[in-house]
Amino acid sequence: MSLSFVNLIRIAFPEPLLLADHGHDVTFNEEIYRADSALLIDIGDVTEENQINTTAFDVTLAATPELVALARTGEWINLSISYYRVWYEGDIQTDVDVVFRGRLTEIDETDGESDSSIKFTSANHFIDWESKGGRTTSNASQQVFDPTDKGMEHAGKEKQNVKWGR
């Protein structure tokens, strides 16, 4: 038996887009990835490095009316994208590599005489690695989660440490 692989792309559009670069549909994680060579034009290369870095990854799709409408509304920004490589020995799935996981960051529409395409560029989760996560003890932070809660209304007004508990 020979070892082969199938590339799978999952983009978390409102209706997830599941594509395979294969001659027939592929079932993976209980989802069916469509083998649509007319829609999936190109899967870009993913480079690996030995240090933390922002990696960009491109997927080029045919510019269907639905994708063009989505691209122009901006609702694609920051949606998650996953690139899997599923390995097969004959018809038996033997391994899965997560080649890339990230968020959509840019698009580039190309309008040709005979066909049009949209290249989605994404960046891995290190894109904003200097941002601070979590919440702060401020009224503004609390209002994001519960606009009616007044529990943090006076946070930040006390200048000394407040001991909690006994």
Side-chain angles (χ1 to χ4, degrees), residues 1-136 140-141 144-145:
M1 287 192 192
S2 65
L3 195 60
S4 62
F5 65 86
V6 176
N7 293 311
L8 305 177
I9 302 292
R10 183 182 201 288
I11 303 176
F13 291 137
E15 177 68 32
L17 182 61
L18 310 169
L19 296 171
D21 71 342
H22 199 53
H24 57 80
D25 293 351
V26 175
T27 301
F28 174 68
N29 280 349
E30 300 178 7
E31 295 180 309
I32 298 173
Y33 287 74
R34 292 185 306 151
D36 190 343
S37 60
L39 181 60
L40 180 61
I41 296 173
D42 184 47
I43 300 173
D45 293 330
V46 176
T47 56
E48 294 185 33
E49 296 184 20
N50 61 357
Q51 56 192 112
I52 295 176
N53 195 3
T54 302
T55 303
F57 168 67
D58 299 327
V59 173
T60 305
L61 304 174
T64 63
E66 298 83 14
L67 283 177
V68 170
L70 183 71
R72 296 200 175 141
T73 63
E75 293 180 18
W76 56 270
I77 297 172
N78 212 27
L79 293 178
S80 66
I81 182 170
S82 300
Y83 173 14
Y84 304 102
R85 183 164 289 150
V86 181
W87 293 91
Y88 291 92
E89 191 166 333
D91 291 337
I92 300 170
Q93 181 180 322
T94 59
D95 200 8
V96 176
D97 293 328
V98 178
V99 180
F100 182 87
R101 269 202 187 117
R103 302 252 176 219
L104 298 178
T105 58
E106 298 177 31
I107 63 168
D108 182 25
E109 292 184 59
T110 304
D111 194 15
E113 288 183 23
S114 61
D115 58 351
S116 299
S117 64
I118 300 176
K119 179 169 74 172
F120 289 93
T121 301
S122 56
N124 63 11
H125 64 278
F126 293 115
I127 187 170
D128 197 8
W129 59 296
E130 292 181 348
S131 73
K132 294 182 172 46
R135 296 177 58 181
T136 60
S141 177
V144 170
F145 294 95

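Small disclaimer: the values here were computed from a predicted structure and weren't measured.
- Between the side chain of W76 and the backbone N or O of A71, at least one donor-acceptor pair lies under 3.5 Å.
- The structure places CD of E89 at 11.0 Å from CG of D91, a figure rounded to the nearest 0.5 Å.
- Put simply, CZ on R72 and CD1 on I118 are 7.5 Å apart, with the number rounded to the nearest 0.5 Å.
- Separating the CG atom in L40 from the CD1 atom in I9 is a distance of 6.5 Å, to the nearest 0.5 Å.
- Judged by distance alone, with hydrogens and angles left aside, the side-chain atoms of N124 form no donor-acceptor pair with the main-chain N or O of R101 at under 3.5 Å.
- Distance check, rounded to the nearest 0.5 Å: CD1 of I81 to CZ of R10 gives 11.0 Å.
- The OG1 atom of T105 lies 11.5 Å from the CG atom of L79; values are rounded to the nearest 0.5 Å.
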Residues L104, F13; criterion side chain to side chain contact (heavy atoms under 4.5 Å, CB included); working and verdict: CA-CA 10 Å; L104 298 178; F13 291 137; 4.1 Å; yes
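- Under the ring-ring contact (aromatic ring centres under 6.0 Å, His included) criterion, Y88 pairs with no residue at all, not counting sequence neighbours.
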Indicate every side-chain donor-acceptor pair of residues 17-24 with a distance under 3.5 Å to a residue at least two apart or in another chain.
residue, atom, partner, partner atom, Å
D21, OD1, N7, N, 2.8
D21, OD2, N7, ND2, 2.9
H22, NE2, H24, NE2, 3.2

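- With a 4.5 Å cut-off on side-chain heavy atoms, V86 and L8 count as touching.
- A62 and A38 make their closest contact through CB-O, 3.2 Å (heavy atoms, listed as atom of the first residue, atom of the second, distance).
- In this structure, the side chains of L39 and R34 come closer than 4.5 Å at one or more pairs of heavy atoms.
- Side-chain contact check for S122 versus F100: some heavy-atom pair is nearer than 4.5 Å.
- Between the D97 side chain and the V99 main chain, no donor and acceptor come within less than 3.5 Å of each other.
- Between Y84 and F28, the ring-plane angle classifies as tilted under the 30° and 60° cut-offs.
- Other residues, nucleotides and ligands contribute only 12 or fewer heavy atoms inside 6.0 Å of the CD1 atom of I32.
- Taking CG from D45 and CZ from F57, the interatomic distance works out to 9.0 Å, rounded to the nearest 0.5 Å.
- The side-chain contact (heavy atoms from CB on, under 4.5 Å) test with S117 is passed by exactly one of L61, T110, L67: T110.
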